[in-house]
Asks: 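Before we start, here is the structure in question, set down as structure tokens.
First the proteins, then the strands, lettered A, B, ... as listed; each starts at 1.
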Protein chains: 2
Amino acid sequence: MTALQKPQTTRRAAKAVRRRQLIEAAIKSIAKRGLGDTTLAHVSKAAGLSQGIINLHFTNKENLLYETLKYIRSEYEQNWRSALEKSDADPASQLTALLKADYQSAVADVKKLAVWFAFWGEAKSRPTYKKICQERVTDYSEILQELIVELIDEGGYSDINVADLAEGIIAMADGLWLNILISANGFKRSDAERVMMQYLAQVFPEHRHVFL
Amino acid sequence: MTALQKPQTTRRAAKAVRRRQLIEAAIKSIAKRGLGDTTLAHVSKAAGLSQGIINLHFTNKENLLYETLKYIRSEYEQNWRSALEKSDADPASQLTALLKADYQSAVADVKKLAVWFAFWGEAKSRPTYKKICQERVTDYSEILQELIVELIDEGGYSDINVADLAEGIIAMADGLWLNILISANGFKRSDAERVMMQYLAQVFPEHRHVFL
DNA sequence: AAATAATGAATGAATAGTTATTCAGTAACT
DNA sequence: AGTTACTGAATAACTATTCATTCATTATTT
């Protein structure tokens with residue numbers, strides 16, 4: 001909307017820009033040192049800024065971390081929504097797009113995954129974190145179930161419990177993230193995608209050609 | 001200052017017993033407060049012991065946490081090995097036993113799950129943690145693959161990539177743990193088990209009756 | 001157009017609070 | 001008496017937060 005932009009000076013960057021800069025520094029630090037060893041000094045230094053800067057923009061550390069979690073959650077959602085838009089409209093293609101989105105570089109990058117797991121590890125004791133973590137999958141799950149229903153209709157499949165299958169798919173998707181994060185034998189995003197597609201092909205054999 | 005002394009049996013516990021007591025207090029604290037907010041004061045107090053006790057038995061905090069991780073890893077392995085022993089010898093029953101073991105109360109209890117996720121969150125930045133997390137699944141994965149091979153043989157299944165299927169199953173197993181830990185709608189161990197069994201029934205339809 | 005005031009962004013040294021670790025001392029057991 | 005197990009106050013290091021101050025930009029006045 002606004003035409004006039006005056007960055008460069010570093011000091012006069014717009015608030016939103018600075019906040020994002022700090023959030024990204026936080027992500028880096030969490031991936032590098034873990035959530036427990038991430039200090040405000042580390043984050044502000046990584047951002048090339050001064051000691052007090054985080055309190056200025058986020059009031060306190062807790063809030064920076066909270067906003068960081070919200071940031072990757074929002075990024076995650078945007079990613080799969082845009083993948084759905086770009087894909088063909090038939091349910092099998094939509095399903096493929098939705099699940100492959102989880103392994104695109106923007107969201108399944110090791111730094112981001114480290115952040116997700118860090119917050120999952122704290123979620124039990126922090127209701128605020130827990131809520132965001134739950135919200136990550138609400139819309140995703142709903143759409144996934146709709147697609148499964150359409151696919152069952154199209155392929156005449158039987159013996160499928162939609163809700164359970166959706167839970168299973170999402171569980172596998174998350175578990176594959178863990179594998180990317182931790183695996184000893186260089187498990188990559190492309191490997192995760194392949195495993196997931198094989199699963200879908202097994203559950204929906206009539207649509208095998210779309211998945212593989 | 002010197003108050004009434006507690007019974008001798010408390011103080012003179014064998015080293016191994018005291019260590020386990022402290023590890024269990026650590027698990028409790030991690031589940032309650034998260035790894036980041038777990039302090040030595042909290043853990044020793046939860047164990048009903050004094051401030052310096054952890055340094056006495058584990059040298060330092062880092063080591064206590066490391067031993068805690070090794071403890072739940074070992075417990076995890078014992079649990080599935082003993083489940084295999086108790087089960088029938090045919091591959092489908094063995095597979096069922098192996099996977100259901102992941103949702104038995106001893107290992108899939110929310111406190112233990114919180115600990116796993118806490119360490120997974122730190123694994124990227126701590127090679128020592130990472131190694132233990134990897135080791136959790138090495139033997140498990142090997143046996144799982146053997147069972148899959150036997151089952152394919154028995155049921156005459158085709159189009160199954162053994163290694164990929166094993167990765168997928170393990171991923172789903174871990175992802176269901178996350179669901180137990182975090183889910184908004186009270187997802188329980190029994191739900192996880194059901195979802196997993198439905199998956200197996202879909203992949204190995206000839207053995208459906210064993211899984212469901 | 002120049003001078004001056006006001007504003008908002010950022011700094012970084014100082015503070016207050018927390019926490020891991022040490023160790024001199026105490027108690028129990030052999 | 002000698003040894004082992006434990007205690008808990010003291011210490012030293014670390015870290016989140018504050019705030020007086022600096023500095024560039026924008027607004028207002030001359």
Asks: What's the CG-P distance between Asp37(B) and dC14(D), to the nearest Å?
Replies: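 Asp37(B) atom CG is separated from dC14(D) atom P by 19 Å.
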Asks: Which word best sums up how the rings of Tyr76(B) and Trp177(B) line up, parallel for under 30°, tilted for 30 to 60°, or perpendicular for over 60°?
Replies: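 Tyr76(B) and Trp177(B): perpendicular rings.
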Asks: Tell me whether the OP1 or OP2 atom of dA9(C) has a side-chain N or O from Arg18(A) closer than 4.0 Å.
Replies: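 Result: no.
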Asks: How are the rings of Tyr140(B) and Trp80(B) set relative to one another: parallel (under 30°), tilted (30 to 60°) or perpendicular (over 60°)?
Replies: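 Aromatic pair Tyr140(B)/Trp80(B) classed perpendicular.
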Asks: To the nearest Å, how far apart are Leu49(A) CG and dC23(D) P?
Replies: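 Leu49(A) atom CG is separated from dC23(D) atom P by 17 Å.
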Asks: Would you indicate whether the side-chain heavy atoms of Tyr103(A) and Ser190(A) approach each other to under 4.5 Å?
Replies: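 Not touching, per the 4.5 Å side-chain cut-off.
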Asks: Given dT11(C), dA16(D), dT7(D), identify the nucleotide with an atom nearest to the side chain of Ser50(A).
Replies: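 The nucleotide sitting nearest to the side chain is dT11(C).
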Asks: Is there a donor in the side chain of Thr38(A) and an acceptor in the side chain of Ser29(A), or the other way round, less than 3.5 Å apart?
Replies: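 Side-chain D/A pair, Thr38(A) to Ser29(A): present.
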Asks: What integer distance in Å separates Leu40(A):CG from dA16(C):P?
Replies: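 It is 19 Å, rounded to the nearest whole Å.
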Asks: Can you name the side-chain contact (heavy atoms from CB on, under 4.5 Å) partners of Val137(B), sequence neighbours left out?
Replies: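 Checked Val137(B) against side-chain contact (heavy atoms from CB on, under 4.5 Å); matches are Ile170(B).
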Asks: Figure out the CG/P separation between Leu65(A) and dA16(D), and round it to whole Å.
Replies: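 In whole Å, dA16(D) P lies 10 Å from Leu65(A) CG.
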Asks: Gln51(A) has a side chain; which of dT15(D), dG12(C), dT7(D) sits nearest to it?
Replies: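 Among the listed nucleotides, the one closest to the side chain of Gln51(A) is dG12(C).
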Asks: Strictly below 4.0 Å, heavy-atom distances to any atom of DNA chain D: list the hits from residues 53-63 of chain B, or just say none.
Replies: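 The stretch gives Ile53(B), Leu56(B), His57(B) as the residues lying under 4.0 Å from the strand, ordered by number.
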Asks: If the condition is side-chain contact (heavy atoms from CB on, under 4.5 Å), which residues does Lys28(B) pass it with, not counting sequence neighbours?
Replies: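 Checked Lys28(B) against side-chain contact (heavy atoms from CB on, under 4.5 Å); matches are Lys111(B).
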